[in-house]
Amino acid sequence: MIGKVEKILNKILEEEGALYFILIDPEKDIKKEILEYADAILVGGSSGIIDLDEKIKELKDFGKPIILFPGNVDGLSKEADAVLFMSLMNSTNTYWTTTAPTLGAIKILKYKLEPIPTAYICIEPAKKTTVGFVGEINEIPKNKPNIVAMYCLSAKFFGMRWAYLEAGSGAEYPVSNEAIHLSKKLSGINIIVGGGIRKDNIAYEKVKAGADVIVTGTLAEKKPEEVEKIYRAIKTAGREKL
Ligand code: 1GP
């Protein structure tokens with residue numbers, strides 16, 4: 001069943017052609033004003049979180065949906081609105097494909113969090129980043145866009161409505177336009193792209209290639225002045241796609 005948050009996201013997508021998610025690592029401090037540019041706030045990190053409930057409460061004033069992006073079962077909070085309910089599809093360890101989400105499921109139910117079924121797919125150079133190490137990935141080479149697209153098709157057949165193509169936080173370069181294009185074309189599900197996106201022209205290209213959502217994380221900490229430009233590029237490309 002499609003929940004309230006997902007309906008909001010789909011509506012913005014229909015009207016504006018693309019979405020911008022800002023990822024907050026609760027361990028790090030950011031300039032909160034930039035959150036006005038986010039269609040949704042993702043909260044998460046791959047390396048353990050303290051005081052998650054308190055951090056999320058502070059973000060509620062911005063009136064944006066707060067979606068958890070859990071790095072593990074401890075990344076859940078009843079203060080959030082929804083959670084990317086993810087399987088790290090190309091992990092070599094079944095803990096990350098199915099066990100962690102299974103262990104988290106009962107808490108999600110009790111906390112009344114809206115699960116958004118999402119395939120999490122890690123692509124080169126993700127192995128050099130935290131998610132690649134922690135998630136024990138079978139890294140998809142950057143020159144194999146067809147494999148990325150096949151994972152997205154598989155995700156669709158599993159009933160997942162979203163796929164997150166991840167190059168890893170702070171990645172040297174982002175997921176290729178071709179991988180995004182083929183994934184969207186083959187699966188038709190909503191494609192989220194993140195990792196290593198730091199410039200507005202790159203965000204623009206990714207949306208034109210087929211990304212429905214662009215995620216930036218590091219930018220909020222290191223170059224908050226770029227956030228507005230990225231937002232504008234995403235919305236321009238989104239409108240051009242409609
Ligand atoms: C990480 O894709 C996100 O999961 C964001 O990556 O920190 O490189 O923007 P960056």
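Both ligands and their constituent atoms are indexed starting at 1 by order of listing. Since we're looking at a predicted model, the values are computed, not measured. Reckoned from all heavy atoms, side chains included, excluding hydrogens, waters and symmetry mates.
- In terms of protein heavy-atom proximity, atom 4 (O) of ligand 1 is closest to E166 OE2, 2.4 Å.
- Residue G195 has at least one N or O atom closer than 3.5 Å to an N or O atom of ligand 1.
- Taking only non-hydrogen atoms, the option from G194, G170, G44, G217 nearest to atom 8 (O) of ligand 1 is G170.
- Residue T216 approaches ligand 1 through these ligand atoms, each under 4.0 Å from one of its heavy atoms: 9 (O).
- For atom 10 (P) of ligand 1, the nearest non-hydrogen atom of the protein is T218 OG1, 3.4 Å.
- Less than 4.0 angstrom separates some heavy atom of G196 from each of these atoms of ligand 1: 8 (O), 10 (P).
- Here the CG-CD distance, from D200 to E228, works out to 11.0 Å after rounding to the nearest 0.5 Å.
- Using a 4.0 Å cut-off to heavy atoms of F69, the atoms of ligand 1 that qualify are 4 (O).
- When only non-hydrogen protein atoms are considered, atom 3 (C) of ligand 1 lies nearest to Y164 OH, 3.3 Å.
- Between the side chains of E226 and Y231, no donor-acceptor pair of N or O atoms lies under 3.5 Å.
- A salt bridge does not link E14 to K11: none of the charged nitrogens lies less than 4.0 Å from a carboxylate oxygen.
- Residue pairs meeting the side chain to side chain donor-acceptor pair (under 3.5 Å) criterion with at least one partner in residues 139-153, sequence neighbours excluded, do not occur; the list is empty.
- Using a cutoff of 4.0 Å between basic side-chain nitrogens and carboxylate oxygens, D81 and K64 are not scored as salt-bridged.
- Applying the side chain to side chain donor-acceptor pair (under 3.5 Å) rule to pairs touching residues 82-93 yields N93-E136, sequence neighbours excluded.
- Aromatic pair F69/Y164: ring centres closer than 6.0 Å.
- Contact annotation: for L219 versus ligand 1, there are no heavy atoms closer than 4.0 Å.
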